[in-house]
Amino acid sequence: MSNLHKVSSKVLPIRTLLILPFLLISACGGSDSSSPSPSPNSTDGLIVEEIISLQVEAYSPIDSSQFLTGPNIGCDLVETDANAVFNDVSFNAGLCYETTTSPLDGSTARVSGGIAVSDYNSDGRMDIYVTHGRNNLGKLFSLQADGRFFETTQQAGITSLSAGHGGAFLDINLDGLPDLLSIQEPPSVVQVFANNGDGSFTDISESTGLNLTKSTLSVAAGDHDLDGDLDLFFTHWDPINKQDRWEFLWQNQGAGNFIDVSDIVDIGTFTAAEDGDEPQLKYEYSFTPVFADFNNDRFPDILLSADYSYSKVLVNNAGAGYVDFTPPTINDRSGMGATVADYDNDGDLDWYVSAIGDTVEKSFNTGQLDGSRMYQNDGQGNYTNVTDAAGVRQAYWGWGTCFADFNNDGFQDLFAVNGYDGWTEQQSVDRSFERFNNDRAVLYINNGDSTFTERGVELGITHTAMGRGLVCHDYDRDGDLDMLIANSGESPSLFRNNSFANGNNFLNIQLKGTRLNPQAVGAQIYITVNGKQQMRELQLGNNYVSQSPVEAHFGIAENQVIEKVLIVWPGLAAQTSELSDVQANQFLVIYHPK
């Protein structure tokens with residue numbers, strides 16, 4: 001496999017990114033991760049200031065093909081078809097263990113349970129932090145070379161104070177290592193564990209300034225003011241806690257500490273307040289935030305799924321705050337999960353909101369529980385409801401969802417988990433919504449024409465547990481995407497992708513950014529294959545109570561060479577780096593030009 005690529009790096013003005021011609025020069029990449037010296041080379045009078053550093057990661061795919069099924073220990077026993085495209089390998093992967101639940105579990109505990117993914121111990125494998133809600137503390141697992149997860153919670157020093165809702169890995173204290181932000185049941189709400197670099201963590205919660213008092217679910221990270229560091233946005237499903245602090249947007253002060261600046265967010269209210277309430281004492285029903293630059297002005301906007309009302313489109317006002325520009329086309333009534341990506345390969349970010357799709361025809365037709373939504377971006381940040389045209393309305397009692405190219409054909413598919421477990425114990429006893437208890441997760445395959453076909457049963461998706469959070473990533477580094485599902489009050493489920501790619505090729509890209517944003521969150525990556533373009537934006541905390549690894553996976557069908565890889569680094573300068581003639585089936589790590 002050749003490691004010779006043509007590479008260039010430069011700064012382009014905003015909105016001329018895909019119009020100006022690009023300068024190409026030759027440079028060696030390979031496994032050398034050191035930054036090369038500035039190059040004096042020039043072509044057509046254009047000076048190349050610097051060459052980016054390119055590193056090819058040598059991964060040994062984990063042989064988990066032997067992972068079929070096992071005894072019923074903490075997992076529902078599932079008969080697995082060895083010939084199925086997707087197999088539930090939870091048991092053999094070490095993810096079946098006992099949990100506890102209690103009749104006293106509150107509503108936010110019942111809707112919780114997430115996954116956060118990162119290589120916290122720098123061994124080249126993606127580790128996970130799992131939360132369960134329902135009276136269970138979060139657990140940290142290290143992925144071993146044989147494809148099994150080994151619990152390291154205690155030895156790593158993760159001392160949670162209460163049941164876990166969700167979490168994320170990000171470099172809070174700016175030492176280059178992924179720290180763990182753990183969201184929990186009140187009163188602790190948020191704990192931050194600093195990565196010590198030796199596989200252990202230290203609780204630094206007090207020094208961060210993250211003083212949250214409300215029941216909190218999801219978190220997303222993005223540089224809202226483009227000052228170089230990552231700010232945080234939290235969501236609260238909080239129907240009874242009428243406080244006068246929003247506690248949504250927390251601005252990074254650049255030294256690992258944050259302040260609440262939620263007053264600059266035009267978030268309004270999610271539902272009408274009771275008579276006599278003062279304006280600031282409104283109820284909150286938000287579930288999933290995603291930082292995403294959907295209008296291409298370089299500033300990350302926020303797409304926010306919300307319950308009991310409509311989800312919200314919050315436009316970034318050049319770093320000064322967020323303005324609610326939610327159009328009437330945004331009409332989901334029970335938005336919970338969300339995923340944002342360019343599913344139609346037209347170069348902009350589309351938005352899928354998972355919501356409740358009732359199986360009772362009356363409820364579905366009256367608009368009360370009438371399903372999920374697909375919102376298509378027109379390229380200018382305007383969203384159109386194309387749910388029925390796309391064929392993706394039904395996700396049952398939908399929670400976590402992801403866009404992912406499971407068959408590596410160049411078009412991103414859609415996966416969504418679901419499950420109702422009772423807002424109160426009495427509702428569970430009364431079986432108020434029992435019809436939702438055994439719905440299968442849905443897998444919509446992209447047909448390549450902006451439509452989808454649900455093929456879950458055919459492809460081996462057997463998950464009927466109370467799914468909550470979700471991460472879709474290449475867990476075993478064999479070139480195709482798997483599904484890791486968090487379950488309410490139970491151990492997680494891992495569905496391994498055995499053969500859906502069927503010979504189709506891929507490219508995986510990680511970016512090494514600046515000290516303040518080491519994973520280059522907010523960067524946009526474009527590839528051109530056989531004259532056709534795909535785009536990914538790097539996001540952190542982009543799913544319901546879950547965080548995917550900050551990397552871009554591209555399926556490229558049967559093509560062997562990627563003609564062009566273009567990285568648009570975060571920031572107003574829109575600095576770019578470009579590679580050409582990149583071989584397929586690689587895990588690339590690309591460093592920010594200094």
Side-chain angles (χ1 to χ4, degrees), residues 288 290-296 301 303 305 311 313 329-330 332 335 337-355 371-395 398 400-417 441-456 459 461 470-474 480-481 483 497 500-501 504 506-509 524-530 532-539 542-544 548 551-557:
T288 306
V290 180
F291 280 105
D293 179 20
F294 57 72
N295 57 7
N296 294 313
D301 311 295
L303 295 170
S305 66
S311 295
V313 176
T329 52
I330 307 301
D332 54 274
T339 181
V340 176
D342 182 17
Y343 81 89
D344 50 3
N345 288 347
D346 65 353
D348 53 41
L349 294 172
D350 310 298
W351 182 26
Y352 180 77
V353 176
S354 60
S372 304
R373 297 291 191 274
M374 179 75 83
Y375 300 119
Q376 187 178 52
N377 194 338
D378 68 351
Q380 301 298 317
N382 302 308
Y383 282 101
T384 301
N385 184 346
V386 296
T387 307
D388 292 328
V392 293
R393 182 177 290 269
Q394 184 58 277
T401 181
C402 69
F403 280 120
D405 186 358
F406 291 110
N407 54 6
N408 283 345
D409 67 349
F411 293 93
Q412 295 190 82
D413 310 303
L414 184 63
F415 183 63
V417 300
V442 295
L443 176 55
Y444 287 103
I445 301 304
N446 195 324
N447 298 318
D449 59 0
S450 296
T451 69
F452 294 77
T453 300
E454 209 287 310
R455 296 175 57 189
L459 298 175
I461 300 300
L470 167 70
V471 170
C472 301
H473 75 297
D474 187 0
D480 55 32
L481 297 175
M483 303 107 155
N497 188 339
F500 199 24
N504 283 342
F506 77 97
L507 181 68
N508 183 290
I509 297 176
Q524 293 182 334
I525 304 174
Y526 299 80
I527 70 167
T528 302
V529 180
N530 198 22
K532 298 178 180 179
Q533 188 181 81
Q534 298 182 49
M535 183 267 280
R536 304 285 188 271
E537 182 177 89
L538 296 188
Q539 300 162 347
N542 56 339
N543 208 338
Y544 177 66
S548 300
E551 60 185 18
H553 177 100
F554 296 90
I556 59 171

Can Leu459 and Ile445 be said to form a side chain to side chain contact (heavy atoms under 4.5 Å, CB included), step by step? CA-CA 10 Å; Leu459 298 175; Ile445 301 304; 4.0 Å; yes
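- By the 4.5 Å heavy-atom criterion applied to side chains, Asn377 and Asn382 are not counted as neighbours.
- When all heavy atoms of Gly555 and Gln534 are compared, the closest pair comes out as O-NE2, 2.9 Å.
- Inter-residue side-chain proximity for Leu303 and Val313 is flagged as met; some heavy-atom pair is nearer than 4.5 Å.
- A donor-acceptor pair under 3.5 Å is absent between the side-chain atoms of Tyr343 and the main chain of Leu414, judged by distance alone.
- Between Gln380 and Asp378, the shortest heavy-atom distance links the atoms N-OD1, 2.8 Å.
- Each of Asp474, Asn408, Asp480 was evaluated against His553; a single residue qualifies, Asn408, per the side chain to side chain donor-acceptor pair (under 3.5 Å) test.
- Side-chain atoms of Thr339 come within 3.5 Å of backbone atoms of Phe403 as a donor-acceptor pair (strictly under, hydrogens ignored).
- Relative orientation of the Tyr383 and Tyr375 rings is perpendicular, given thresholds of 30° and 60° on the angle between their planes.
- A donor-acceptor pair under 3.5 Å links the side-chain atoms of Asn543 to the main chain of Thr401, judged by distance alone.
- Using a distance-only test at 3.5 Å, with no hydrogens or angles considered, no donor-acceptor pair links the side chain of Thr288 to the main chain of Ser305.
- Classification of the Phe452-Tyr444 ring pair by plane angle, with boundaries at 30° and 60°, yields perpendicular.
- From Asp405, atom CG reaches atom SG of Cys472 across 11.5 Å, with rounding to the nearest 0.5 Å.
- The CD1 atom of Ile525 sits 4.5 Å away from the CG atom of Leu538 when rounded to the nearest 0.5 Å.
- A donor-acceptor pair under 3.5 Å links the side-chain atoms of Thr387 to the main chain of Met374, judged by distance alone.
- With rounding to the nearest 0.5 Å, the separation of CD in Gln412 from CG in Asn446 is 8.5 Å.
- For the atom pair Thr451 OG1 and Asp388 CG, the distance stands at 13.0 Å (nearest 0.5 Å).
- For the pair Leu443 and Arg455, the minimum side-chain heavy-atom distance is 4.5 Å or more.
- One N or O on the side chain of Ser372 and one on the backbone of Ala355 form a donor-acceptor pair closer than 3.5 Å.
- Taking 4.5 Å as the limit, some side-chain heavy atom of Met483 sits within range of a side-chain heavy atom of Ile461.
- In this structure, the side chains of Asp350 and Asp342 come closer than 4.5 Å at one or more pairs of heavy atoms.
- Between Val340 and Glu537, the closest side-chain pair of non-hydrogen atoms is not below 4.5 Å.
- Relative ring orientation between Phe406 and Phe415 is described as perpendicular, the plane-to-plane angle rising above 60° on a 0-90° scale split at 30° and 60°.
- Inspection of the Asp332 and Ser311 side chains reveals an N or O donor paired with an N or O acceptor under 3.5 Å.
- Shown here for Ala395 and Tyr352, the closest heavy-atom pair between the two residues is CB-OH, 4.0 Å.
- Counting only distance, with no hydrogens or angles, the side chain of Arg393 and the backbone of Gly391 share no donor-acceptor pair below 3.5 Å.
- Between Trp351 and Val290 the shortest side-chain heavy-atom distance does not fall below 4.5 Å.
- The CG atom of Asn345 sits 9.5 Å away from atom CE of Met535, with the distance rounded to the nearest 0.5 Å.
- Rounded to the nearest 0.5 Å, atoms CD1 (Ile556) and OG1 (Thr528) are 12.0 Å apart.
- In summary, the side chains of Thr453 and Asn447 do present a donor paired with an acceptor at a separation below 3.5 Å, with no hydrogens or angles considered.
- Residues Leu481 and Asp413 form no side-chain contact, since every pair of their non-hydrogen atoms from C-beta on lies 4.5 Å or further apart.
- Here the closest non-hydrogen pair linking Glu454 and Ala441 is OE2-O, 4.5 Å.
- Of the possible donor and acceptor atoms, none in the side chain of Gln394 sits under 3.5 Å from a partner among the backbone N and O of Val442.
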